[in-house]
Amino acid sequence: MLKKLTKTLCVATACAVVAMPALAADGPLRGNLRVVIGSSSTGGDTYQNSSIIAEALAENIGINIKVDATGVTEAYKALGRDKRGNTVMIFHDQAYLGNLYGVKGYADPFESYIIGPTVAINPGNAYLVPKSSPYQTVEDIIQACANDAQIRVAIQPGGVSEIGYTALKNAIKVRYPGKEGNLVAVNTGSQSDKNQLLFDGQADLINGSVQANEQYTRLPEDDQKAMRFVWLTARKETIEQAHEEGMGATTRDDLLQFVSPNASVTFDGEKDFTFDKEFFFLYNKDMDPAIIEQIDASLTEIFEAGEIQETQKKSFFIPNFKPSAEAQAYLKDKRDQYEVIIEALQ
């Protein structure tokens, strides 16, 4: 009787296993996976965000994953060489913005690669002035340009750093045609380079981030390095998803004062410009589609479990998982919207 019962249980268990959907670990991705990123820094948001995702994927699938901060050019080269699927890339909107701005080395990612899932938003893309600046708000800056004051903006050309500058220039053009030339780009490199231009009085406004620059907003006004936020490009709905404590000494309510509609940079005279910096996967165009399905399945399981969202929010990232097919359509539409602004000013 016991043998018969055991046999019955085994058959039932086998049937149950067959009936279950294939787990992410059952896909073709095995062994080691290299994740190259479009940044050469291991201290920046791209590396931090990619590491969170890589650690979760490695545990869920049961493989070894290494995040490699190669920088944009080397990342694209590595991705282009590996058709097997052992190398994937995580980057953000600069992947298509660099192409729209005509930056050397940026092919159209929608043509040259396969766009994979989105995983997170960095809501901290920001613009700052010295604390001693006469410009208290982004509206003050727009009005200054309208009154023929020249405002120098330190940016890193060709991507996320530049899109806000382009939008601000466009807003001045929409509201005060002919005055947009008073907003002048000071092209430079890394965040430390942009900060230094502000410290030295060589820029009136810089692109920065909540993560990198919030510490400077806590300094007293007479400190040469003291800064003040005037604009965050993120949507209000995005900032509202952050933890109430915000970042450092700047609460979520504080940050909401710098987004639309409180800080208004018009897109077309009716709608405000907003921009969420979003991170997503890119794949070799000839990679096995089953690997794409496996990563999608794994990330679906991870985000449904719910733990990764808290890890992301602790680092001031907003969870934003979209599987590959949905992400491709979404990001292409996003690209097309920002192309309109860039073309209007080129």
Side-chain angles (χ1 to χ4, degrees), residues 39 41 43-46 48-49 92-94 97 120-133 135-142 151-157 159-171 183 185-186 188-199 203-219 225-243 245-265 272-279 313 315-318 338:
S39 170
S41 170
D45 61 341
T46 305
Q48 188 178 14
N49 172 69
H92 49 69
D93 302 85
Q94 189 160 330
L97 289 173
I121 297 170
N122 179 353
N125 189 46
Y127 287 81
L128 303 98
V129 296
K131 239 180 198 180
S132 58
S133 171
Y135 310 118
Q136 297 295 313
T137 65
V138 71
E139 179 63 22
D140 288 345
I141 290 167
I142 292 171
I151 304 295
R152 301 161 299 171
V153 190
I155 60 169
Q156 186 173 6
V160 171
S161 183
E162 188 169 1
I163 189 65
Y165 162 77
T166 302
L168 187 54
K169 199 175 185 77
N170 175 69
L183 193 74
V186 181
T188 185
S190 67
Q191 189 61 59
S192 60
D193 295 332
K194 288 179 278 189
N195 292 348
Q196 194 61 50
L197 285 171
L198 201 69
F199 302 154
D204 306 294
L205 177 70
I206 65 167
N207 171 249
S209 71
V210 172
Q211 291 91 331
N213 294 89
E214 192 274 340
Q215 58 182 315
Y216 297 108
T217 68
R218 297 180 234 157
L219 298 173
K225 295 184 177 181
M227 303 179 187
R228 180 160 30 82
F229 292 116
V230 292
W231 182 36
L232 299 184
T233 65
R235 295 173 300 153
K236 178 174 180 280
E237 294 80 8
T238 301
I239 297 293
E240 285 175 337
Q241 295 177 61
H243 283 313
E245 59 267 27
M247 183 81 184
T250 307
T251 68
R252 182 178 63 198
D253 286 344
D254 292 333
L255 293 172
L256 286 169
Q257 300 309 305
F258 307 116
V259 301
S260 173
N262 292 323
S264 177
V265 175
D272 279 349
F273 169 91
T274 57
F275 176 81
D276 284 341
K277 181 180 180 181
E278 301 189 64
F279 293 88
K313 286 186 177 184
S315 298
F316 203 65
F317 294 112
I318 304 302
Y338 294 121

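Each residue takes its place number in the sequence, starting with 1.
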What closest approach, in Å, do [X] and [Y] show between heavy atoms, and which atom pair accounts for it?
X: Thr274; Y: Arg235; answer: OG1-CG, 3.5 Å
X: Lys277; Y: Val160; answer: CD-CG1, 3.9 Å
X: Tyr135; Y: Val230; answer: O-CG1, 4.3 Å
X: Trp231; Y: Gly164; answer: CZ3-O, 3.5 Å
X: Val129; Y: Leu198; answer: C-CD2, 4.1 Å
X: Ala154; Y: Leu197; answer: CB-CD1, 3.9 Å

TODO: Apply side-chain hydrogen bond (donor to acceptor under 3.5 Å, both in side chains) to Asp272 and list each qualifying residue two or more places apart in sequence or on a separate chain.
DONE: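 Counting only residues at least two positions away or on another chain, Asp272 forms a side-chain hydrogen bond (donor to acceptor under 3.5 Å, both in side chains) with Ser260, Ser264.
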
How long is the gap from [atom1] on [X] to [atom2] on [Y], to the nearest 0.5 Å?
X: Leu183; Y: Ile151; atom1: CG; atom2: CD1; value: 7.5 Å
X: Phe229; Y: Phe258; atom1: CZ; atom2: CZ; value: 7.0 Å
X: Leu219; Y: Met227; atom1: CG; atom2: CE; value: 8.5 Å
X: Gln156; Y: Glu162; atom1: CD; atom2: CD; value: 10.0 Å
X: Ile121; Y: Asp276; atom1: CD1; atom2: CG; value: 4.5 Å
X: Asn262; Y: Leu255; atom1: CG; atom2: CG; value: 12.0 Å

Task: Residue pair Ser161, Lys194: steps toward the side chain to side chain contact (heavy atoms under 4.5 Å, CB included) verdict - done: CA-CA 10 Å; Ser161 183; Lys194 288 179 278 189; 3.4 Å; yes

TODO: Determine whether the side chains of Asn125 and Asn207 contain a donor N or O and an acceptor N or O closer than 3.5 Å.
DONE: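 Yes, Asn207 and Asn125 have a side-chain donor paired with an acceptor closer than 3.5 Å.
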
Task: Any side-chain donor near an acceptor of the partner, Thr251 and Asp254, under 3.5 Å - done: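 The criterion, which ignores hydrogens and geometry beyond distance, is satisfied for Asp254 and Thr251.
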
- [ ] Not counting sequence neighbours, which residues clear side chain to side chain contact (heavy atoms under 4.5 Å, CB included) with Ser41? List them please.
- [x]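 Ser41 satisfies side chain to side chain contact (heavy atoms under 4.5 Å, CB included) with Ser39 once adjacent residues are dropped.
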
Using modelled atom types and a 3.5 Å cut-off, is there a donor and acceptor pairing between side-chain atoms of [X] and backbone atoms of [Y]?
X: Asn170; Y: Thr166; value: no
X: His243; Y: Glu245; value: no
X: Lys225; Y: Asn195; value: no
X: Arg252; Y: Ala242; value: yes
X: Glu214; Y: Ser209; value: no

- [ ] Applying side chain to side chain contact (heavy atoms under 4.5 Å, CB included) between Ile206 and each of Asn213, Ile155, Val153, report the one that passes.
- [x]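 Going through the options one by one, the only one that passes is Asn213.
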
- [ ] Applying side chain to side chain contact (heavy atoms under 4.5 Å, CB included), run through Tyr127 and Ile141 and close with a yes or a no.
- [x] CA-CA 11 Å; Tyr127 287 81; Ile141 290 167; over 6 Å; no

Taking C-beta and beyond as the side chain, do [X] and [Y] meet within less than 4.5 Å on heavy atoms?
X: Asp45; Y: Phe317; result: yes
X: Tyr165; Y: Val186; result: no
X: Arg228; Y: Thr217; result: no

TODO: Could you go through the side chain to side chain contact (heavy atoms under 4.5 Å, CB included) check for Ile163 and Phe273 one step at a time?
DONE: CA-CA 10 Å; Ile163 189 65; Phe273 169 91; 4.0 Å; yes

Open item on the list: Does atom NZ (Lys131) have a neighbourhood of more than 12 heavy atoms from anything else shown, all under 6.0 Å?
Closed with: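 Yes, the 6.0 Å shell around NZ holds more than 12 heavy atoms from other groups.
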
Open item on the list: Would you say the rings of Tyr216 and Phe199 are close, in the sense that their centroids are separated by under 6.0 Å?
Closed with: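 When the ring centroids of Phe199 and Tyr216 are compared, they turn out to be within the sub-6.0 Å range.
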
Task: Partner residues of Lys169 under the salt bridge (Lys or Arg N to Asp or Glu O under 4.0 Å) criterion, sequence neighbours left out - done: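 Here no residue qualifies.
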
TODO: Carefully, step by step, assess Asn122 and Asn49 under the rule side-chain hydrogen bond (donor to acceptor under 3.5 Å, both in side chains).
DONE: CA-CA 9 Å; Asn122 179 353; Asn49 172 69; over 6 Å; no

Open item on the list: Salt bridge or not between Arg152 and Asp204? Use side-chain N to carboxylate O under 4.0 Å.
Closed with: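 Here Arg152 pairs with Asp204 in a salt bridge, since their nearest N and O are under 4.0 Å apart.
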
